2 protein chains.
Amino acid sequence: MENKTRVKLIEVATELFAVKGFAAVSVRELSVAAQVNVSAISYYFNGKEGLYEAVLTAQLSPILQTLERVQKNDSSSPVARLTLYADQIAHIHAQRPFMSRFIYSEVTNPTEYGAPIIEKHLSQVYQFIDVTLREGIASGYLREDLNVTYAAVSLVGILNFYFIAKPFVSKLFPLTEHTDSDSEYVAHAFRVYLHGVMNPSAT
Amino acid sequence: MENKTRVKLIEVATELFAVKGFAAVSVRELSVAAQVNVSAISYYFNGKEGLYEAVLTAQLSPILQTLERVQKNDSSSPVARLTLYADQIAHIHAQRPFMSRFIYSEVTNPTEYGAPIIEKHLSQVYQFIDVTLREGIASGYLREDLNVTYAAVSLVGILNFYFIAKPFVSKLFPLTEHTDSDSEYVAHAFRVYLHGVMNPSAT
DNA sequence: GTCTATATTGCGATAGAC
DNA sequence: GTCTATCGCAATATAGAC
């Protein structure tokens, strides 16, 4: 059976680290929020940094799984694989509403222990998009004049920016209360993107 | 004449706050890096938070100026105004390489004193894009089925994500050493975006 | 305007009792 | 596995000499 104190700490730390960032959260704040003794953090995770690493790793784990699953679809076209990937992104964000915060936080203000974990994951994402875009150009689906590196950054930007901007945007433009406006956005954004990169002379 | 200590503190604090984030920088670290006495921070800025506010305000100042300038071009078409805006964005980032870090840092992990400053600026940017997209649809340049809110987020995402991802991306894909690959990216990304949102039946 | 010295508070970590 | 108590240190801020 799972340890209650350990699980509660992970749960509370995920939210606090996500919202305030690693440096702005103290072990005392964590222990109070989790209704747990301060020393439990050292006992279970070897200190604040260990707890942060555990949270970060747990948050990023579905990314690599998704990439594997999408790349298994070798038979499908490059465009179909990108579409599947975009679709999966929405599901991951729905399951882990704090994931994007960790990624953006580490990309913007890297911490000593978080940076290597993030780099490992993001490099695989870029690798996948890069390879798939190249295949798309080679097989005539995508424009020949496409700069692949730039187009890869554009795709990641257009797909993920929404999730970090969401709390902010919904303050400005009250978003329609759909059951799933997340995947709706991703579908919309990805359609805009595809229109932009597809070869106009393709069927 | 400008005060040397004050200027040096702003300069050093801009880089340190941008790279490590507000909470992870101490006043001692700042004073050592600026070769200035610790107490100067309280003397000139009323403490660490005052220094942060001063830096943040200085970093964001060109945004509102640019919006004003672009909106002055009332005569030009909505698409031309968006293009001009995208072009200006690249220039601002070139002049202030740390600006995007402050914006992303505050959006991801808002601080008590930074959040209101950021919100004021970003809401005006969204306002501009929203109005301009609506005009573009009304005058037939842009697709009728465009979701304006989503399209606004997509544009900001596609234009700005590159600048925060740059240090990371250039590690993975050594970017071509052009004199100005920044505005090259923005031009490329904006072209992709326009292809996606333009009305295909428009001239 | 700049310095030293210090006041005060909070930090992360742990020894040792239970 | 959980607790209290405390250690050692670094944080921000400031009083007061120069």
Side-chain angles (χ1 to χ4, degrees), chain A residues 1-58 102 105-106 109-117, chain B residues 1-58 102 105-106 109-117:
Chain A
M1 140 177 165
E2 280 290 328
N3 186 296
K4 237 185 138 182
T5 301
R6 200 194 146 89
V7 169
K8 186 76 185 164
L9 269 173
I10 289 271
E11 197 182 306
V12 163
T14 300
E15 173 149 10
L16 280 176
F17 282 142
V19 173
K20 305 176 76 174
F22 174 76
V25 179
S26 76
V27 289
R28 288 179 144 84
E29 185 180 1
L30 285 163
S31 70
V32 169
Q35 291 173 290
V36 147
N37 193 278
V38 213
S39 53
I41 293 170
S42 282
Y43 182 77
Y44 284 106
F45 302 99
N46 245 306
K48 184 181 155 183
E49 267 159 2
L51 175 53
Y52 181 69
E53 274 188 47
V55 167
L56 198 58
T57 304
F102 286 99
S105 187
E106 282 292 340
N109 308 124
T111 66
E112 194 186 340
Y113 297 89
I117 300 177
Chain B
M1 140 177 166
E2 280 289 330
N3 185 298
K4 237 183 139 183
T5 300
R6 200 194 146 88
V7 169
K8 187 74 186 165
L9 269 173
I10 289 271
E11 197 183 306
V12 163
T14 301
E15 173 149 10
L16 280 176
F17 282 142
V19 173
K20 306 176 77 174
F22 174 76
V25 179
S26 75
V27 289
R28 285 175 144 82
E29 186 179 1
L30 285 163
S31 69
V32 168
Q35 291 173 290
V36 147
N37 193 280
V38 213
S39 54
I41 293 169
S42 281
Y43 182 77
Y44 284 106
F45 302 98
N46 245 308
K48 186 181 153 184
E49 267 158 1
L51 174 54
Y52 182 69
E53 274 188 48
V55 167
L56 198 57
T57 304
F102 286 100
S105 187
E106 282 291 340
N109 309 124
T111 66
E112 194 185 340
Y113 297 89
I117 301 176

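Predicted, not measured: the structure shown is a model, and the values here were computed from it. Numbers restart at 1 for each chain; the letters A, B, ... are given by sequence-line order, proteins then strands.
- Residue A:Leu30 contributes atom CG, which lies 8 Å from atom P of C:dG12 at whole-angstrom precision.
- Comparing C:dT14, C:dT2, C:dC3 against the side chain of A:Ser39 picks out C:dT14 as the nearest.
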Determine, step by step, whether B:Tyr44 and B:Asn3 satisfy the side-chain hydrogen bond (donor to acceptor under 3.5 Å, both in side chains) criterion, reporting the C-alpha distance in whole Å, the side-chain angles of both residues, the deciding distance to 0.1 Å, and the verdict. CA-CA 10 Å; B:Tyr44 284 106; B:Asn3 185 298; 2.7 Å; yes
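- Rounded to whole angstrom, the span from the OH atom of A:Tyr43 across to the C1' atom of C:dG16 amounts to 14 Å.
- When the C1' atom of C:dC3 is taken as reference, atom CD1 of B:Ile41 falls 14 Å away, rounded to whole Å.
- If you check D:dT4, D:dG1, D:dA13 against the side chain of A:Asn37, the one that comes closest is D:dT4.
- Atom CZ of B:Arg6 is separated from atom P of C:dT2 by 12 Å (rounded to the nearest Å).
- Between the CG atom of A:Leu9 and the P atom of C:dG12 there is a distance of 13 Å, given to the nearest Å.
- In this structure, B:Tyr44 reaches the sugar-phosphate backbone alone: every heavy-atom distance under 4.0 Å involves primed, P, OP1 or OP2 atoms, never a base.
- Atom P of nucleotide D:dA11 and atom OH of B:Tyr52 are separated by 19 Å, given to the nearest angstrom.
- The separation between B:Glu49 atom CD and D:dA13 atom C1' is 12 Å, rounded to whole Å.
- For C:dG12, its base sits under 3.5 Å from the side chain of A:Arg28 at one donor and acceptor pair at least.
- Between A:Phe22 and A:Tyr52, the ring-plane angle classifies as tilted under the 30° and 60° cut-offs.
- Comparing C:dG12, D:dA13, C:dT2 against the side chain of A:Lys48 picks out C:dG12 as the nearest.
- Each of D:dT14, D:dT4, C:dA13 was ranked by its minimum atom distance to the side chain of A:Val27; first place goes to C:dA13.
- The NZ-P distance, from A:Lys8 to D:dG1, rounds to 19 Å in whole Å.
- Proximity of a side-chain donor or acceptor of A:Lys48 to a complementary backbone N or O of A:Ile41 within less than 3.5 Å is not detected.
- Across A:Leu9, A:Thr14, A:Leu16, A:Ile10, a single residue satisfies side-chain contact (heavy atoms from CB on, under 4.5 Å) together with A:Val12, and that is A:Leu16.
- No side-chain donor-acceptor contact under 3.5 Å links A:Thr57 to the backbone of A:Ala54.
- In the interface, the side chain of A:Ser26 is not paired with the base of C:dC11 through any donor and acceptor atom under 3.5 Å apart.
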